[in-house]
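One structure is given here, and the rest of the page talks about it.
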Amino acid sequence: MAKRGVEEVVVVALEEKGGAMAVVVEEKEQKEENENEKEEEEAHPYAFHVSGPRNVAKPNWRDLINSSWKDTNYKRSVIACFIQAVYLLELDRQENRTVETALAPKWWMTFKYKLTQTLTDERDGSIFGAVLEWDQSAALADFVLIRPSGAPKAVLVLRGTLLKGPTIRRDIEDDLRFLAWESLKGSVRFKGALEALRTVAERYGSSNVCIAGHSLGAGFALQVGKALAKEGIFVDAHLFNPPSISIAMSLRNIGEKAGFAWKRLKSMLPSSSEPQADCDEEIKDNSLKSWLGNIYGDKASMGLKQWVPHLYVNNSDYILKRACSGGALILIKTDGKSSQ
C-alpha cells in the first residue's frame, strides 16, 4: 500500500506541478533505499560492530597522558583488526562493494588510521596487503592532538589465504611455494611487499613502522622483515601463526605418519629454480627457540639477530583450516601469547 501511495503522489505531482514534485519523491525513495541497504550491511557478520573487539577502545584524549598502545594486548588486538581489514578489502573488491557499503574501512578508521596504499597481485588483481597510516585529521576530530606513544606512523599489513574463486589459485601457489621450499622470494607479492615496507621505513623511520600478517601473510611479513634486517633496517613485526609454526604444530600432533607423507609430497613437487631460503631445515616443534633458529640460521650475523619479531600462536589455527575457510578470520580472538 505504501509503495502504491508513492506512485499515486508522483502521478498527481506530474499533473499539477510539471514533474517538480516527482523529483522530490524519487529522492526520498532513493534515500530510504540507501538507508535500508546500510542497515543490511551493518548486520553483516564481518561488520566491525558485529564481530570487532568489545574491550578495545578507540584513541581518545586520555591517550595523551597514558597511551593504550603501550599495552601489548591492546597493540596485538588493534594490529589483528588491521589484518582483518585486509581480508575484507579483498572481499569487498570481489563483491563489488561501494565506498558507502564497504566493510573494511571501519576496521582501521576506528583506531584513527587511514588507507594510503593497497598492494595488488598483478597476476589476478587481488588485494593481498595494505599500508595504513596514522590519520591526524581524524584524531583531531576526537581531540587526540598528537599520535599516542607506541602507535606506529605506518603499518604494512598482509592477509593470508582466501579460498575464493578469484584468489584461490595464486594464494595456493604461494602456499605450496612455502611448503616446499620455505621461501617466498620468487613470488611477485614478496617484491611488492618489500618495496612498500622500504618506502614507508625511509619516509617515517624504521622505528615508527611495523609489518604484520596472518598465516601466508605472516610468512611474507617474516621474510620481508628479515630482508630489511639484513640491510640494517629493523621494523617491528607481528606474526600471527606463520606457516612454519602451523606446519610444525600439525606434524607434531599427527605424528610420524604425517612426517612421512609430508616428505613424499615434497618429493613430488617440481624443483625450484629460485634461490632457496637461508633456513632449509623443517621446524620440529612449535617452541620459539626452534622457530628462531629457522629464521636466523646458525651463521646469521649479529645485526640480523637484533631483529626479533613478535610471534602469536593459536593452537586451533592450523594452516589451510580456519584462515582458508573461504572468508575472513577474526584474529582478535586468538589465544596465543606474545613471545620475543
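Numbers here are sequence positions counted from 1.
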#### Entry: pair Ser68-Pro148: side-chain heavy atoms closer than 4.5 Å
no
### Query
Would a 4.5 Å heavy-atom cut-off, applied to side chains only, mark Pro152 and Val209 as touching?
no
### Task
For the pair Tyr74 (side chain) and Ala57 (backbone), establish whether a donor and an acceptor sit closer than 3.5 Å, ignoring hydrogens and angles.
yes
#### Entry: Test item: Val235 and Leu156 side chains (from C-beta on) under 4.5 Å apart, heavy atoms
no
### Query
Salt-bridged, Arg198 to Glu195, with N to O below 4.0 Å?
no
### Task
State which residue, out of Asp171, Asp121, Asp174, fulfils the salt bridge (Lys or Arg N to Asp or Glu O under 4.0 Å) condition with Arg159.
Asp171
#### Entry: Flag side-chain contact, heavy atom, 4.5 Å: Asp236 against Lys75
yes
### Query
Is there side-chain contact between Leu89 and Trp108, with at least one heavy-atom pair below 4.5 Å?
yes
### Task
Go through Phe240 and Ile79 one step at a time and tell me if the side-chain contact (heavy atoms from CB on, under 4.5 Å) criterion holds.
CA-CA 10 Å; Phe240 293 78; Ile79 290 178; 4.2 Å; yes
### Lys/Arg-Asp/Glu bridge criterion (N-O < 4.0 Å) met for Asp63, Lys112
no
### Query
Is Lys191 paired with Glu122 through a side-chain N to carboxylate O contact shorter than 4.0 Å?
no
#### Entry: Backbone N/O of Leu184 and side chain of Gln223: donor-acceptor pair under 3.5 Å
yes
### Query
Out of Leu158, Val157, Val131, which one pairs with Ile211 under the side chain to side chain contact (heavy atoms under 4.5 Å, CB included) rule?
Leu158
### Task
Ignoring hydrogens and angles, tell me if any N or O in the side chain of Asp92 forms a donor-acceptor pair with the backbone of Leu103 under 3.5 Å.
yes
### Query
Hey, does the side chain of Asp142 reach the backbone of Val144 with a donor-acceptor pair shorter than 3.5 angstrom?
no
### Query
Salt bridge or not for Arg169 and Asp124, using N-O below 4.0 Å?
no
### Message
I'd like to know if the side chain of Ser51 and the backbone of Pro45 have a donor-acceptor N/O pair within less than 3.5 Å.
### Response
yes
### Query
Is the ring centre of Phe82 less than 6.0 Å from the ring centre of Trp107?
no
### Query
Of all heavy-atom pairs between Tyr87 and Thr161, which one has the smallest distance, and what is that distance?
CE2-O, 4.0 Å
### Message
With heavy-atom distances below 4.5 Å as the criterion, would you say the side chains of Phe143 and Asn60 are in contact?
### Response
no
### Task
Looking only at non-hydrogen atoms, find the nearest pair between Ala154 and Glu133 and report the distance.
CB-CG, 3.9 Å
### Query
What class does the angle between the rings of His238 and His310 fall in, given that below 30° is parallel, 30 to 60° is tilted and above 60° is perpendicular?
parallel
### Task
Find out whether Phe111 and Val56 are in side-chain contact, i.e. whether some heavy atom of one side chain is under 4.5 Å from a heavy atom of the other.
yes
### Task
For the pair Gln136 (side chain) and Leu145 (backbone), establish whether a donor and an acceptor sit closer than 3.5 Å, ignoring hydrogens and angles.
yes
### Message
Would you say that Phe48 contacts Gln84 through its side chain, given a criterion of any heavy-atom pair below 4.5 Å between the two side chains?
### Response
no
### Message
Keeping Ser126 on the side-chain end and Thr167 on the backbone end, is there a donor-acceptor pair under 3.5 Å?
### Response
no
